[in-house]
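Here is the structure we will look at.
A, B, ... follow the sequence lines: proteins, then strands. Residue 1 opens every chain.
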Number of protein chains: 2
Amino acid sequence: MPAGQPEQRKPVEGGLQSVLTALDVLDCFAHEEELGISDVARRIGVAKSTAHRLLTTLCARGMAEQNPETGRYRLGMKLFALGQLAANRSQMHKIALPLLADLKERTGATIHLAIPDGVEMLYVERLETFREMALMSAVPRRVAAHATSSGKCVAAFDEVFANARLTAGLPPETQRTLGSARDYRAALLQIRQRGYAVSIDEAVVGLTSVAAPVFDRAGKACAAISIVGPTPRILANVGGPARLVQSAATVLARQLCR
Amino acid sequence: MPAGQPEQRKPVEGGLQSVLTALDVLDCFAHEEELGISDVARRIGVAKSTAHRLLTTLCARGMAEQNPETGRYRLGMKLFALGQLAANRSQMHKIALPLLADLKERTGATIHLAIPDGVEMLYVERLETFREMALMSAVPRRVAAHATSSGKCVAAFDEVFANARLTAGLPPETQRTLGSARDYRAALLQIRQRGYAVSIDEAVVGLTSVAAPVFDRAGKACAAISIVGPTPRILANVGGPARLVQSAATVLARQLCR
DNA sequence: GGCACCGTTCCGCTGAGTGGAACGCATGGC
DNA sequence: GCCATGCGTTCCACTCAGCGGAACGGTGCC
């Protein structure tokens, strides 16, 4: 370290360095299915030996796994095990489940509960309808926030989240995905006015979704409930689903704040 | 440390100590929804300050969360986010999904894919049937391995797993749960002979399941596919479901080894 | 065959991580 | 009302765990 600076203290750290680095390693895999040691080391800016040590440790506990054929690494199933526990125990999840089931019964469509995660929406629960199963499996568990009704919904009521998505860019998923900051902001404004969001073929061609925001105690949009279905069927009567998701979201929010 | 020992080296460790300890902390929450700092420190045998530092670090990255009301800690949603990625990317999951969907269509029942995790079975995928949804939600995502057909199935073909369950005990879930080591071993023997497992009201009263083992490249039972339904309906014709899960499991195993 | 890169291993230096002690604050039994 | 107990949190000095760099064997591409 080049001397000269009057020994600036930096207690800023969020905690233990090696643990933080280990978690950084896991984060590396958020958008890459498989990575080698050297890759990981480069991404998080540590020595190769350090990355190797960290990954070996993570593997020892099942948080990561090594592909014996390629020698590269991937996320481990232990993460899934713990993640399931986390989700099942979350207050929101517990309260939301019956509401979502009711929504599904009333609409006969697929219902999602999603929360913001970084610049994407993470689908925490998905209740599928039998006949539409094939369609739905086209929707991954995590989608860029500007391409879905849930994502736009949360962004509309969370300035920080909206801006994060903007600076991360608005990559097109389909021809109808919002592509410019101008369109994006206009869409958010309309959502704030209407109280719900609609996405027509913006994430997957042929699928339309309607979402309403769930507000937490602090008044922040902490989740969204959405209905997804084939575009023609949903568009035939947008008002119905819109009213239903809104009321479900409101009930959920009220029970959360209790 | 009391001197006297000739300074025995112990390079046995699976890796970085502080990272391993951090993962131990997460494991503490496997069977407890919420824990305080002191609890955690006691469980993993470190100083309170260490536990606090570790949990603060985990919270900083969303792997844990602090309940602002009680000051205690729980698992964080980041685990869920990463866990979903891990599951979706797993080879088995990718191959199994269409097979499971087909099974569901043929039987009209609820289908599970489960993997062994510790002394329990972890449900990696669940395809629910509309009309039975209420019933199924009684089944949690993780069940003691002696009370389910999937668990007995894997145990029947994995001595280590079976013994682990035995030493952990056979807590009764219902009146019909296998309770003695003798019954347990007898059940496993029968499963080995028949090639599939049946659980009648052993996990949840009124529900019966039929499961077949999935073998990996090494010939170990690495997962199980199961069909669940109301006891009377399943028992009316056990052979059908049994043959179907067996064939699905065989196909999955073959494709896995490819 | 040479080169570049991979995952892995080894090693000595040092500062990050450790446990213990002290803090302020609830809780509850006397 | 008060002391005892336990909580989550903060601080600190000692020391050994974790760091980067160098070296190794293997693989695949020019």
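Proximity of B:V46 to B:V40: side-chain heavy atoms (C-beta onward) are nowhere separated by under 4.5 Å. You'll find the side chain of B:V124 stays beyond 4.5 Å of the side chain of B:M92, heavy atoms only.
Of the residues in residues 35-47 of chain B, those placing a heavy atom less than 4.0 Å from an atom of DNA chain D are B:G36, B:I37, B:S38, B:R42, in numerical order.
Across the helix from C:dG1-D:dC30 to C:dC30-D:dG1, the helix axis at one end is tilted relative to the axis at the other end by 40° (nearest 10 degrees, each axis from five pairs).
Under the 4.0 Å criterion applied to side-chain N and carboxylate O atoms, B:D24 and B:R43 are not assigned as salt-bridge partners.
For the ring-ring contact (aromatic ring centres under 6.0 Å, His included) test, residues two or more places apart in sequence or in another chain that qualify with B:F215 are B:F157. Remark: B:P171 engages B:H146, B:R165 in a side chain to side chain contact (heavy atoms under 4.5 Å, CB included) (not counting sequence neighbours).
Residue B:Y73 has no polar side-chain atom (N or O) positioned under 4.0 Å from OP1 or OP2 of D:dC7.
Where A:G71 and A:S18 each meet DNA chain C at their nearest nucleotide, the meeting point lying more 5' is that of A:G71.
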Output a table of nitrogen or oxygen pairs between the protein and nucleotides 10-14 of chain D separated by less than 3.5 Å.
none

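When atom types are taken as modelled, the side chain of A:R72 and the backbone of A:E34 share a donor-acceptor pair closer than 3.5 angstrom.
Between the CD atom of B:Q66 and the C1' atom of D:dG8 there is a distance of 8 Å, rounded to whole Å.
Nucleotides of DNA chain C lying under 4.0 Å from heavy atoms of chain A occupy a range whose first and last members, 5' to 3', are C:dC6 to C:dT18.
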